[in-house]
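The structure presented is a predicted model; accordingly, all values stated were derived computationally and were not measured. Note that the numbering runs from 1 along the sequence shown for the chain. Note: hydrogens, waters and symmetry copies are ignored here, and every other heavy atom, side chains too, is used.
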Amino acid sequence: MAVTQRRGRRIMMDPAELDAFLTAQRTCRVATAGRDGRPHVSALWFVWDGRALWLYSLTRSRRWADVRRDPRLAVIVDDGREYGELRGAELSGTAESVGEAPRRGEACPALETPERLFAAKYFDLDAMPHDGRHAWLRLTPQSVLSWDFRKLRGG
């Protein structure tokens with residue numbers, strides 16, 4: 001994962017801070033490009049495994065159709081209400097579908113970790129419930145920008 005941040009290095013999250021932030025947050029905003037090139041942004045639950053952002057998307061959504069046509073994505077994960085509390089990360093790269101689509105629970109070793117993390121995070125379960133409507137997208141970021149305005153305090 002390339003850190004492409006030139007400006008704002010003072011407020012950039014270090015790798016451990018970024019990992020903790022992405023692990024703890026619950027909602028991201030995913031930007032895709034439509035057929036006509038217009039951006040489409042939608043909120044989505046996700047999990048971070050330390051290397052990739054895993055998105056559990058409805059397969060009959062505009063987002064899924066956009067990604068099938070053009071797999072380039074940008075994702076924002078952010079938090080904070082007041083200016084001095086703002087923090088977040090922008091991850092961009094190419095998404096890939098992993099496992100069957102839609103997902104019905106067929107064995108897929110690549111999905112063991114993200115499904116365990118997702119089930120625990122959102123459903124307080126040990127195993128992932130499959131509904132036959134969603135499927136997995138993996139975004140291994142090619143670029144990451146981050147900010148944590150709390151670092152501006154006192155300095």
Side-chain angles (χ1 to χ4, degrees), residues 1-5 12-81 85-148 150:
M1 163 172 51
V3 176
T4 58
Q5 198 156 337
M12 183 174 80
M13 293 183 207
D14 68 31
E17 292 168 334
L18 182 64
D19 189 59
F21 176 76
L22 292 173
T23 299
Q25 295 303 307
R26 294 180 58 86
T27 306
C28 68
R29 282 173 281 295
V30 179
T32 59
R35 184 182 320 274
D36 61 0
R38 290 184 191 202
H40 175 248
V41 180
S42 56
L44 195 60
W45 283 350
F46 71 95
V47 291
W48 172 252
D49 70 3
R51 293 178 309 281
L53 198 71
W54 291 85
L55 307 164
Y56 197 53
S57 177
L58 285 166
T59 59
R60 298 191 70 181
S61 66
R62 178 173 169 190
R63 173 184 46 252
W64 189 266
D66 287 349
V67 169
R68 300 271 302 172
R69 187 175 42 263
D70 181 349
R72 294 174 297 167
L73 288 182
V75 175
I76 291 282
V77 181
D78 61 342
D79 190 36
R81 294 183 59 114
E85 301 171 343
L86 299 177
R87 60 193 177 131
E90 175 188 333
L91 299 88
S92 60
T94 303
E96 60 182 309
S97 176
V98 179
E100 82 258 43
R103 182 92 172 111
R104 291 188 171 83
E106 183 178 302
C108 182
L111 293 176
E112 288 175 8
T113 296
E115 288 191 342
R116 179 181 46 77
L117 294 171
F118 198 90
K121 185 176 185 177
Y122 297 104
F123 305 121
D124 198 27
L125 297 173
D126 294 328
M128 183 74 182
H130 299 103
D131 63 9
R133 297 176 20 217
H134 289 79
W136 288 100
L137 295 170
R138 176 176 52 207
L139 174 64
T140 304
Q142 295 162 333
S143 173
V144 177
L145 301 172
S146 67
W147 58 94
D148 186 346
R150 299 173 308 170

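Rounded to the nearest 0.5 angstrom, M12 CE and W147 CH2 are separated by 13.0 Å. Atom CD of Q25 sits about 11.5 Å away from atom CG of L53, to the nearest 0.5 Å. Taking CZ of R116 as the reference point, atom CE of M128 lies at 13.0 Å (rounded to 0.5 Å).
V41 and R29 get closest at one heavy-atom pair: CG1-CB, 4.0 Å. Between Q142 and G93, the closest heavy-atom pair is OE1-CA, 3.1 Å. The two atoms that bring D19 and G50 nearest to each other are OD1-CA, 3.5 Å, heavy atoms only. The two residues F46 and L55 come nearest to each other via the heavy atoms CB-CD2, 3.8 Å. Here the closest heavy-atom approach between residue I76 and residue E90 is recorded as CD1-CB, 3.6 Å. Of all heavy-atom pairs spanning F21 and A89, the tightest one is CE2-N, 4.1 Å.
Side-chain contact between C108 and V98 is present, with at least one heavy-atom pair separated by less than 4.5 Å. Put simply, the side chain of L111 reaches to within 4.5 Å of the side chain of R103, judged on heavy atoms. A 4.5 Å side-chain heavy-atom check between P102 and R133 finds every atom pair outside the cut-off. The shortest side-chain heavy-atom distance between T140 and R51 does not fall under the 4.5 Å cut-off.
Under a 3.5 Å cut-off, the side chain of R26 and the backbone N or O of K121 do form a donor-acceptor pair. Not one N or O on the side chain of T32 forms a donor-acceptor pair closer than 3.5 Å with the backbone of D66. Not a single donor-acceptor pair under 3.5 Å links the side chain of T59 to the backbone N or O of H134. The backbone N or O of A127 lies less than 3.5 Å from no partner atom in the side chain of E115, so there is not a single donor-acceptor pair.
In summary, E17 and R87 do not engage in a salt bridge, as defined by a charged side-chain N under 4.0 Å from a carboxylate O.
Using cut-offs of 30° and 60° on the angle between ring planes, the pair W54 and W136 is perpendicular.
Of the residues listed (V77, L91, L117), the one engaging W48 in a side-chain contact (heavy atoms from CB on, under 4.5 Å) is L91, and it is the only one. Of the residues listed (V144, T23, D148), the one engaging L18 in a side-chain contact (heavy atoms from CB on, under 4.5 Å) is V144, and it is the only one.
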Begin with the C-alpha distance, continue with both residues' side-chain angles, and end with the deciding distance and a verdict on side chain to side chain contact (heavy atoms under 4.5 Å, CB included) for L137 and W64.
CA-CA 9 Å; L137 295 170; W64 189 266; 3.5 Å; yes
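Residues forming a side-chain hydrogen bond (donor to acceptor under 3.5 Å, both in side chains) with H40 (at least two apart in sequence, or on another chain): none.
Side-chain atoms of H130 and E106 include no donor-acceptor pair closer than 3.5 Å.
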